[in-house]
Enquirer: 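Have a look at the structure that comes next, please.
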Amino acid sequence: MDVNHQKFMKRAIELSMKGMKKGDGGPFGAVVVRDGEIIGEGWNKVLSTNDPTAHAEVVAIRDACRKLGDFQLEDSILYTSCEPCPMCLGAIFWARPKAFYYGCTREDAAAIDFDDDFIYSQIDQAPEQRTIPAENLLREEALKAFQYWKQMEKKTPY
């Protein structure tokens with residue numbers, strides 16, 4: 001099937017403008033497409049929902065998954081108006097679309113004060129060396145849940 005990538009990217013860009021004009025958040029929009037049809041849409045809603053995870057990609061992924069009744073988007077394509085931040089990139093990989101396309105680059109986003117480089121630089125740091133330090137706590141107790149999961153016969157791996 002011939003996919004009209006430009007059509008779907010234009011819709012993601014339209015959504016970025018819509019959300020920004022509504023005051024929902026920054027200029028970011030995304031759509032999820034399967035079989036040539038949009039199955040999920042989203043724009044940045046960080047400000048309107050007071051949710052720092054309500055980025056366009058995450059909102060669109062949640063919308064598509066809710067509509068499909070599935071937590072994965074295999075055989076889908078995601079279009080986003082800007083190269084995903086580390087959180088959104090992680091969400092995209094967890095959702096497992098077959099591809100994604102982006103408009104603006106992360107350098108373009110940094111030029112308007114949406115700079116994710118500090119997060120990328122934190123990933124390679126040891127947890128205790130990060131800007132927001134982390135400390136391992138009650139590992140042996142927490143491992144009990146992992147052991148239970150490993151032994152479960154009825155589970156859905158993901």
Enquirer: Show your reasoning for whether side-chain contact (heavy atoms from CB on, under 4.5 Å) applies to Leu15 and Ser81.
Expert: CA-CA 9 Å; Leu15 292 171; Ser81 64; over 6 Å; no
Enquirer: Checking Lys7 against Ile38 for the side-chain contact (heavy atoms from CB on, under 4.5 Å) test, could you report, in this order, the C-alpha distance in whole Å, the side-chain angles of both residues, the deciding distance, and whether it holds?
Expert: CA-CA 11 Å; Lys7 170 186 166 185; Ile38 294 174; over 6 Å; no
Enquirer: Can you name the one residue among Ile119, Asp116, Val58 that meets side chain to side chain contact (heavy atoms under 4.5 Å, CB included) with Met87?
Expert: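 Per the side chain to side chain contact (heavy atoms under 4.5 Å, CB included) rule, the option paired with Met87 is Val58, out of Ile119, Asp116, Val58.
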Enquirer: When the side chains of residues 138-146 are checked against the rest of the protein, which donor-acceptor pairs come out under 3.5 Å, sequence neighbours left out?
Expert:
none

Enquirer: Which heavy atom of Gly26 sits nearest a heavy atom of Phe114, and at what distance?
Expert: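 Here Gly26 and Phe114 meet closest at CA-CZ, 4.0 Å.
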Enquirer: Nearest 0.5 angstrom please: Glu14 CD to Trp43 CH2, how far?
Expert: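 Glu14 atom CD to Trp43 atom CH2 measures 11.5 Å (nearest 0.5 Å).
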Enquirer: Taking Arg130 for the side chain and Gln122 for the main chain, is one N or O donor matched with an acceptor at less than 3.5 Å?
Expert: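 The answer is yes, because a donor-acceptor pair under 3.5 Å joins these two groups.
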Enquirer: Got a second to check how far Leu73's CG is from Leu78's CG, nearest 0.5 Å?
Expert: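 Nearest 0.5 Å value for the CG-CG distance: 8.0 Å.
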Enquirer: Would you say the side chain of Leu47 lies within less than 4.5 Å of the side chain of Asp24, judging by non-hydrogen atoms?
Expert: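 Not in contact.
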Enquirer: Tell me whether the count of non-hydrogen atoms from other residues, nucleotides or ligands lying under 6.0 Å of CD in Glu37 goes above 12.
Expert: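 12 or below, so no.
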Enquirer: Does Met9 form a side-chain contact (heavy atoms from CB on, under 4.5 Å) with Thr80? I'd like the steps, not just the answer.
Expert: CA-CA 7 Å; Met9 181 59 75; Thr80 179; 5.9 Å; no
Enquirer: Can you see which heavy atom on Gly25 is nearest to which on Asn44, and at what distance?
Expert: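 Scanning both residues completely, I find the closest heavy atoms to be CA-OD1, 3.3 Å.
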Enquirer: Is Glu128 atom CD crowded by more than 12 heavy atoms from other residues, nucleotides or ligands, each under 6.0 Å away?
Expert: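 Buried by this count: over 12 neighbours within 6.0 Å.
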Enquirer: Would a 4.5 Å heavy-atom cut-off, applied to side chains only, mark Ile77 and Pro97 as touching?
Expert: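 The answer is no, as the side chains (C-beta and beyond) never meet within the 4.5 Å cut-off.
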Enquirer: For Glu83 and Gly103, indicate whether the former's side chain and the latter's backbone hold a donor-acceptor pair under 3.5 Å.
Expert: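 Between the backbone of Gly103 and the side chain of Glu83 there is no qualifying donor-acceptor contact (under 3.5 Å).
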Enquirer: Verify the cluster assignment for Tyr102 and Leu89: are they in a single hydrophobic cluster under the rule of side-chain heavy atoms below 4.5 Å apart?
Expert: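 Same cluster: Tyr102 reaches Leu89 through Ile, Leu, Val, Met, Phe, Trp or Tyr contacts under 4.5 Å.
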Enquirer: What's the spacing between Lys18 NZ and Ile13 CD1 if we round to 0.5 Å?
Expert: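 Answer for the NZ-CD1 pair, Lys18 versus Ile13, is 16.0 Å.
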Enquirer: Nearest 0.5 Å please: distance from the SG atom of Cys88 over to the CZ atom of Phe93.
Expert: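 If I round to the nearest 0.5 Å, the distance is 13.0 Å.
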Enquirer: Roughly how far, to the nearest 0.5 Å, is CD of Glu41 from CZ of Phe8?
Expert: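 The distance works out to 10.5 Å.
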Enquirer: Start with the C-alpha gap between Ile92 and Ile61, add the side-chain angles, then the distance that decides, and say whether side-chain contact (heavy atoms from CB on, under 4.5 Å) holds.
Expert: CA-CA 8 Å; Ile92 290 166; Ile61 288 168; 4.1 Å; yes
Enquirer: Minimum heavy-atom separation for Tyr158 to Gln72, with atom names?
Expert: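 Distance-wise, the nearest heavy atoms are CB-NE2, 4.2 Å.
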Enquirer: Where do Gly40 and Asp63 come nearest, in terms of heavy atoms and distance?
Expert: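 Where Gly40 meets Asp63 most closely, the heavy atoms are CA-OD2, 3.2 Å.
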Enquirer: Please determine whether a side-chain nitrogen of the Lys or Arg among Glu74 and Lys98 lies less than 4.0 Å from a carboxylate oxygen of the Asp or Glu.
Expert: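 No, this pair does not count.
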Enquirer: If you round to the nearest 0.5 Å, how far is OH of Tyr120 from SG of Cys85?
Expert: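 Between Cys85 SG and Tyr120 OH, I get 7.0 Å after rounding to 0.5 Å.
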Enquirer: Ion pair present between Arg106 and Asp117, side-chain N to carboxylate O less than 4.0 angstrom?
Expert: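 Here Arg106 pairs with Asp117 in a salt bridge, since their nearest N and O are under 4.0 Å apart.
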Enquirer: Which atom pair, heavy atoms only, marks the closest approach of Ala30 to Ala60?
Expert: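 For Ala30 and Ala60, the tightest heavy-atom pair comes out as O-CB, 3.7 Å.
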Enquirer: Between Asp108 and Thr105 (side chain of the first, backbone of the second, donor and acceptor by atom type, cut-off under 3.5 Å), is there such a pair?
Expert: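 Yes, because the side chain of Asp108 sits within donor-acceptor range (under 3.5 Å) of the backbone of Thr105.
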Enquirer: Any side-chain heavy-atom pair from Arg62 and Thr53 closer than 4.5 angstrom?
Expert: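 Yes, their side chains come closer than 4.5 Å.
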Enquirer: Under the side chain to side chain donor-acceptor pair (under 3.5 Å) test against Tyr79, which residue among Glu57, His5, Lys10, Arg11 passes?
Expert: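 When side chain to side chain donor-acceptor pair (under 3.5 Å) is applied between Tyr79 and each of Glu57, His5, Lys10, Arg11, only His5 qualifies.
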Enquirer: Is the backbone N or O of Lys150 less than 3.5 Å from a side-chain atom of Lys155, with the two atoms forming a donor-acceptor pair by type?
Expert: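 Yes.
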